[in-house]
Amino acid sequence: MDAVLPVLAVLLAIVIVWYGAAIRLNMPWAEEQMAREGIAPTLPVLIGDTMAQERPVLPAPHQVAKGLWDGIAGQKITSKRSLVWHAWVTLSATLAGFAIGSLTGILLAVGIVHSRTMDQSVMPWAVASQTVPILAIAPMVIVVLASAGVTGLLPKAVISAWLTFFPVLVGTVKGLRTPDAMQLDLMRSWNASAAQVFWRLRLPSALPYLFASLKVAIAAALVGAIVGELPAGATAGLGARLLSGSYYGQTVQIWAALFTAAALAAALVLIVGWIERVTLRRMGLAR
Amino acid sequence: MQSRGGAAPVITAQGVDLTFQTADGPVHALKGVDLTINQGDFVSFIGPSGCGKTTFLRTIAALETPTGGTLSVNGMTADAARRARAYGYVFQAPGLYPWRTIAGNISLPLEIMGFSKADRAERIARVLELVDLGGFGGKYPWQLSGGMQQRASIARALAFDADILLMDEPFGALDEIVRDHLNEALLELWARTGKTIGFVTHSIPEAVFLSTRIVVMSPRPGRITDIIDSPLPRERPLEIRDTPEFLAIAHRVREGLRAGHAYD
């Protein structure tokens, strides 16, 4: 109960501010409507109208909730109007991209830690790759892969992996380098091979860092998949839902898609966090 | 220099030099170190910081490579001896893996060296008894006190039956009472196993209490200034520290340390 109360208080504050903002932002349109129909505007009528516009500047919370409910529960989940179906399309690309990106990040990190040449050659490129805005890269990736005949899930997964590998790379390099000189000396005193040092010392030491970066990475992977759905006029996925919503001024649809994406990201981070807790506890690293 | 007739030399150093190249120019960590350590000796290295006592222990362990002189361990080069797993090394910190139990930590070098599972279990049980930690094999390091953790790290160094035990200020981070207790336990362990022990310390009483030979070193350049063969019997109760013989050796060590500092 002690934990729930503050959360509820914050949520309540957000909803109140949101309603206030919705009234204020939707008011000009409501006033215009009244003036056009020659009705003398009274405040309750105006406020009632700001809550129920079809294309509000800022939809009221209950409108978004209704949009979410219609999208999730009101459709067959195979329907193109179902948010569950769109979320699944995005999620599959997210997970594929997350897998590719994490694996790439971990493999590059292992190379960087063991090879001076790789340390000096790969890291600057990895950093450079992240300074290019993903919105600029995404259309290029989609177009180039499409011209090579690759469409559908893979191009989105590539963009997703682009955002995923970097935090995993940085976290894993940091983690693999945590063993101190004394622990490496001990390994040397036992004449341990490089592989033994890796599997028995470096990798277990790196796991807490790896999990922290995986949590960042999976949220980034979702962003990558959504961005990957924006450029090509895709018809499926949360990104496509956002795009078509903005084409047709369907703000309720946009907000419903946004909330679905946020909930999806939160769920993914929670799942990684749960795997982290179980793994570290079984290793005796978390008490 | 032979402390007892008949004992074979295990470690022989002749004119060992070690110079580190640093940004501020060369640092002479060791200069012309001559020393013979015989089978079953307990040799302490004592001296102020920077005298090269730890560096010398590390060259024996082939964790550092001398830049001059000859050093042989078990009749081979130090590096060949390391590869033959001739010694167990104990650092100031226990360096136990938090994700392994005490038994798992002791098992680590045994796994690396390819001992069979049954052999590992037998050895772990034996060395845990040896350091008086029987029954603690299933605990994680954080569940043990600092002194117990250090005993576990000694057990780990003993597990693969190397004849040489190299200890770099192993009790330096522990309080006086725990230290006394561990010193007694170490002497008992040495008597039971007959290991050759190299022991780095800051503490004069500790060096005198434990050693058959005390090597006094001084810095800039790191070198040996005195080697004292202890006349104390091998069996030593803690009370021996109040005898005139003990105090006489302690006095000589202190003089040696002071002489090394005289022209600073």
Side-chain angles (χ1 to χ4, degrees), chain A residues 102 106 109-110 113-114 116 120 168 171-215 272-287, chain B residues 54 57-65 73 78-115 138-144 153 156-157 159-160 162 164-170 173:
Chain A
S102 307
I106 291 169
V110 171
V113 168
H114 286 92
R116 228 184 119 65
Q120 285 169 346
V168 175
T172 311
V173 166
K174 168 85 182 149
L176 290 175
R177 285 189 173 147
T178 42
D180 56 21
M182 188 193 79
Q183 286 184 318
L184 293 170
D185 277 345
L186 263 176
M187 278 293 187
R188 195 171 145 74
S189 81
W190 301 325
N191 196 25
S193 68
Q196 286 170 329
V197 174
F198 178 79
W199 290 109
R200 288 169 205 278
L201 175 58
R202 287 196 191 275
L203 191 66
S205 318
L207 280 184
Y209 295 84
L210 177 62
F211 274 115
S213 57
L214 285 179
K215 279 196 260 185
V272 175
W274 178 75
I275 296 171
E276 173 185 31
R277 264 204 312 286
V278 171
T279 311
L280 296 189
R281 190 170 300 151
R282 290 189 82 180
M283 284 176 68
L285 284 175
R287 279 158 225 174
Chain B
T54 292
L57 204 71
R58 288 173 62 85
T59 54
I60 296 173
L63 298 175
E64 307 284 354
T65 313
V73 177
D79 200 53
R82 175 184 68 82
R83 276 182 269 118
R85 282 127 181 184
Y87 65 85
Y89 204 104
V90 179
F91 289 87
Q92 182 169 2
L96 301 169
Y97 290 4
W99 59 87
R100 281 180 176 243
T101 59
I102 296 303
N105 269 288
I106 297 171
S107 172
L108 180 68
L110 302 175
E111 290 165 26
I112 286 170
M113 296 173 192
F115 287 90
K139 297 275 190 233
Y140 280 96
W142 57 270
Q143 295 173 301
L144 268 58
S153 91
R156 182 180 56 187
F160 46 95
I164 305 171
L165 191 56
L166 301 175
M167 309 177 88
D168 185 0
E169 295 192 46

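Quantities reported herein were computed from a predicted structural model and do not represent experimental measurements. Below, chains carry the letters A, B, ... as their sequence lines are ordered, and counting in each starts from 1.
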Shortest non-hydrogen contact between B/Tyr140 and A/Arg282, atoms and distance: OH-O, 4.2 Å
Full working for side chain to side chain contact (heavy atoms under 4.5 Å, CB included) between B/Tyr97 and A/Met283: CA-CA 10 Å; B/Tyr97 290 4; A/Met283 284 176 68; over 6 Å; no
Whether A/Arg188 side chain and B/Leu63 backbone form a donor-acceptor pair below 3.5 Å: no
All side-chain hydrogen bond (donor to acceptor under 3.5 Å, both in side chains) counterparts of B/Glu169, not counting sequence neighbours: B/His202
A/Ser189 backbone acceptor or donor facing B/Arg82 side chain under 3.5 Å: no
Chain A contact via B/Asp79 - side chain, backbone, both or neither, heavy atoms under 4.5 Å: side chain
Under 4.5 Å from a heavy atom of chain A, the part of B/Ala84 involved: neither
A/Leu201, part contacting chain B, at a heavy-atom distance under 4.5 Å: both
Closest-packed option against chain A by number of heavy-atom pairs under 4.5 Å, given B/Tyr87, B/Tyr89, B/Phe160: B/Tyr87
Distance-minimising heavy-atom pair for B/Ile112 and A/Gln196: O-NE2, 3.1 Å
Euclidean distance, A/Ser205 OG relative to B/Trp99 CH2, rounded to 0.5 Å: 3.5 Å
Shortest non-hydrogen contact between B/Arg85 and A/Asn191, atoms and distance: NH2-O, 3.2 Å
Selection residues 101-115 of chain B - residue pairs positive for salt bridge (charged side-chain N to carboxylate O under 4.0 Å, His left out), sequence neighbours left out: A/Arg200-B/Glu111, B/Arg100-B/Glu111
Shortest non-hydrogen contact from B/Arg58 toward A/Asp185: NH1-OD2, 2.7 Å
